[in-house]
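Below is one structure; the comments refer to it alone.
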There are 2 protein chains.
Amino acid sequence: MTDTTQKGRILLALTGWSPDVWLDELGRAAPDRPVTLEPDGAADPSIHYAVVWKQRPALLSKLPNLKAIFSLGAGVDHVFNDPDLPQVPIVRVVSPDLTTRMSEYVAWQVLDHHRLGPRYRAQQAARIWHEDRSQKAAADITVGIMGLGELGRDAAAKLRVLGFQVSGWARTQKQLEGVTCYAGAEGLLPFLASADIFVVLLPLTPDTRNILDRSLFSRMTKRGPLGAPVLINAGRGGLQNEADILAALDEGLLSAVTLDVFQQEPLGPDSPFWSHPNVTITPHAAAASVPSSLIKPIVAQMDAHDRGGKLINLVDRKAGY
Amino acid sequence: MTDTTQKGRILLALTGWSPDVWLDELGRAAPDRPVTLEPDGAADPSIHYAVVWKQRPALLSKLPNLKAIFSLGAGVDHVFNDPDLPQVPIVRVVSPDLTTRMSEYVAWQVLDHHRLGPRYRAQQAARIWHEDRSQKAAADITVGIMGLGELGRDAAAKLRVLGFQVSGWARTQKQLEGVTCYAGAEGLLPFLASADIFVVLLPLTPDTRNILDRSLFSRMTKRGPLGAPVLINAGRGGLQNEADILAALDEGLLSAVTLDVFQQEPLGPDSPFWSHPNVTITPHAAAASVPSSLIKPIVAQMDAHDRGGKLINLVDRKAGY
């Protein structure tokens, strides 16, 4: 018989997601750890770990025996929206499944713009047979990746395999095989001048909020084979100034955008994005958090930590991601 | 001074393509080889090499000093349409540029079906925000590649990197890292039962003409996450029975198709393919023959052959490709 008292309970704290599948997976992966959706009072001593997606503010603040918080998303901005977040380690989800799905999405959308998907679909609708003989090869195109964490690095490697030139930008200097890396404020301008298609996989922090604005777009100086740069945001809606994106499209600073994320989700039915001819929308579907692939590594970390081991994939609280 | 007489002339024999850019590239790559669009009579002794795209039948048959024929396409069925083809070596174009472009196209279309591109575009048009939470990962999908030449092998490797399972079928048994390979008539049924998305990169020969027919589709037995298999033909239109494709879509034997090639090109404006909701059409644009990347290796082979070297990428006349 396992000593469940010693192992403590898991608090599953979700907003906007149905808990059922997560409860099922936790039950399967940690049969010896009881799971609850609500603590027994603000100071419930039985809660040892919290597994969260947009937890309710202050929910975790007074739990005396909370050892760590596990985020169910690769981004952790939703965790930091809680002003009373307790001083315990925060663990981001890193799952090969999530990473691979995001790279699928990035490759798909980069190729769709590079290979003139919108134009050929419009031609099909008009029954027009016309090959664009000026089609460039991937080697003629540079994809600039903003954010070089797990997701950005995997996407960069796969875009390289497909033949694209790749540049990248991150807060701190990275070294990636075959990728021209830029860092920090001083690296931003040369980065923006380096690429034809920009893929945004940045964490949402006070430093990056609204970073995708007119001044940024106006510094994307490469006009390249597509006429103007393409923007693909698969990070967070809070990174983007949406009025500026629409204006940049209309002014020709951007030729096209793909947005998987928005300031407000779901995107309201009146948004001008839906019907803009140069906008591709997906409903925050780039890389689903799939319970079966995420819960096992989380429980494995709880077990390791209980045995005195170190937590991995920790969030840097100061950097905010 | 180069002895141009000794080197002989190049006959550039094109149907349906403008010769101008090819003349320019040949002029640049082989300044010491005069190029002509017409021989001086059927038995012109000055022609040493022919560079062809759908050459006029019998044009080459009586040239006494013709040493080799260079095809400007990866497929060579257009060369064999000539019943009076002389018995000289035929060289297929193999260019990293062409191969990479084809793999871009294959990855693009495989991802567009796998990631539910048509459905999300329809939802956008209807202003519907709905994530399909049953989205599979690439690892849950097997892509079956018909034809494992240069193009098929490169596409297989890149699909593997993107996370897909890959199987392949060819006339003769191949060994490819990480790819389940089937061969010949006895391998066809297990191959057809192995995959969710089929990519056709076969050569067009008497054996493969009309191979994509109802009996083939009815043996694609994997219903998988997409409901029914997907067919992507980037090979030749002659491989496909077009009435059978339409019927298979309507019967649910196929869930969707992407066709870059057709029995008749350009596709006529009355074709039912244009407006079928489960058909994606591109205008034979998968992998353009780009003069600048094709002509240099062709001229390099002429030079090597004139020095007594061996021609590479030779066509097997018996196999027809």
Side-chain angles (χ1 to χ4, degrees), chain A residues 21 96-101 103-105 107-112 114-118 120-121 123-139 157-158 160-164 262 265-271 273-275 279-288 290 293, chain B residues 21 96-101 103-105 107-112 114-118 120-121 123-139 157-158 160-164 262 265-271 273-275 279-288 290 293:
Chain A
V21 289
D97 178 69
L98 188 76
T99 304
T100 297
R101 285 169 185 265
S103 291
E104 291 173 20
Y105 182 88
W108 172 38
Q109 286 301 312
V110 166
L111 285 166
D112 197 55
H114 166 54
R115 294 302 302 246
L116 311 175
Y120 282 124
R121 288 189 289 271
Q123 286 186 187
Q124 179 174 348
R127 296 172 181 252
I128 292 169
W129 178 278
H130 174 70
E131 179 188 6
D132 186 330
R133 300 285 301 185
S134 70
Q135 173 70 57
K136 298 291 175 182
K158 288 172 179 173
R160 290 277 301 147
V161 169
L162 288 169
F164 291 97
F262 297 88
E265 295 175 10
L267 185 65
D270 297 334
S271 166
F273 282 128
W274 289 112
S275 59
V279 175
T280 299
I281 290 174
T282 51
H284 204 137
V290 175
S293 71
Chain B
V21 289
D97 177 70
L98 188 77
T99 305
T100 297
R101 286 169 185 264
S103 291
E104 290 174 23
Y105 183 88
W108 171 40
Q109 285 301 311
V110 167
L111 286 167
D112 198 55
H114 166 54
R115 295 301 303 246
L116 311 175
Y120 282 126
R121 288 189 289 271
Q123 288 187 186
Q124 177 174 349
R127 295 173 180 252
I128 293 170
W129 178 277
H130 174 70
E131 180 188 4
D132 186 329
R133 300 285 299 186
S134 71
Q135 172 70 57
K136 299 290 174 185
K158 289 173 178 172
R160 290 278 303 146
V161 170
L162 288 170
F164 291 97
F262 297 88
E265 296 176 10
L267 185 65
D270 296 333
S271 168
F273 282 127
W274 289 112
S275 58
V279 175
T280 299
I281 291 174
T282 50
H284 205 139
V290 175
S293 70

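None of these values were measured; they are calculated from a predicted model. Within every chain, numbering begins at 1; the chains are lettered A, B, ... in the order of the sequence lines, protein sequences first and strands thereafter. What's counted below: heavy atoms across the whole structure, side chains too, no hydrogens, waters or symmetry copies.
- Here the two rings, on A/His284 and A/Phe262, have centers that are 6.0 Å apart or farther.
- In this structure, the side chain of B/Glu104 engages the main chain of A/Ala138 through a donor-acceptor pair within 3.5 Å.
- For the atom pair CG of A/Leu162 and OG of B/Ser103, the computed distance is 8.0 Å after rounding to the nearest 0.5 Å.
- Rounded to the nearest 0.5 Å, atoms OG1 (A/Thr280) and CZ (B/Arg121) are 8.0 Å apart.
- The residue among B/Phe273, B/Phe164, B/Trp108, B/Trp129 with the most heavy atom pairs within less than 4.5 Å of chain A is B/Trp129.
- Contacts between A/Ser271 and chain B at a heavy-atom distance below 4.5 Å involve the backbone alone (N, CA, C, O).
- Using a 4.5 Å cut-off between heavy atoms, A/Asp270 contacts chain B through its backbone alone, with no side-chain atom that close.
- Side chain of B/Gln124 to main chain of A/Val279: a donor-acceptor pair is present (N/O by atom type, distance under 3.5 Å, no hydrogens or angles).
- Contact count versus chain B (heavy atoms, under 4.5 Å) is highest, among A/Gln123, A/Arg133, A/Glu265, for A/Glu265.
- Note that NE2 of A/His114 and CD of A/Gln109 are 14.0 Å apart. Values are rounded to the nearest 0.5 Å.
- Both the backbone and the side chain of A/Tyr105 come within less than 4.5 Å of a heavy atom in chain B.
- When each of A/Leu267, A/Thr282, A/Val290, A/Asp132 is checked for heavy-atom pairs under 4.5 Å with chain B, A/Leu267 comes out on top.
- Note on A/Pro269, A/Ser293, A/Ala288, A/Gly268: by heavy-atom pairs under 4.5 Å with chain B, the leading option is A/Pro269.
- At a 4.5 Å heavy-atom cutoff, the contact between A/Asp112 and chain B is made by backbone and side-chain atoms alike.
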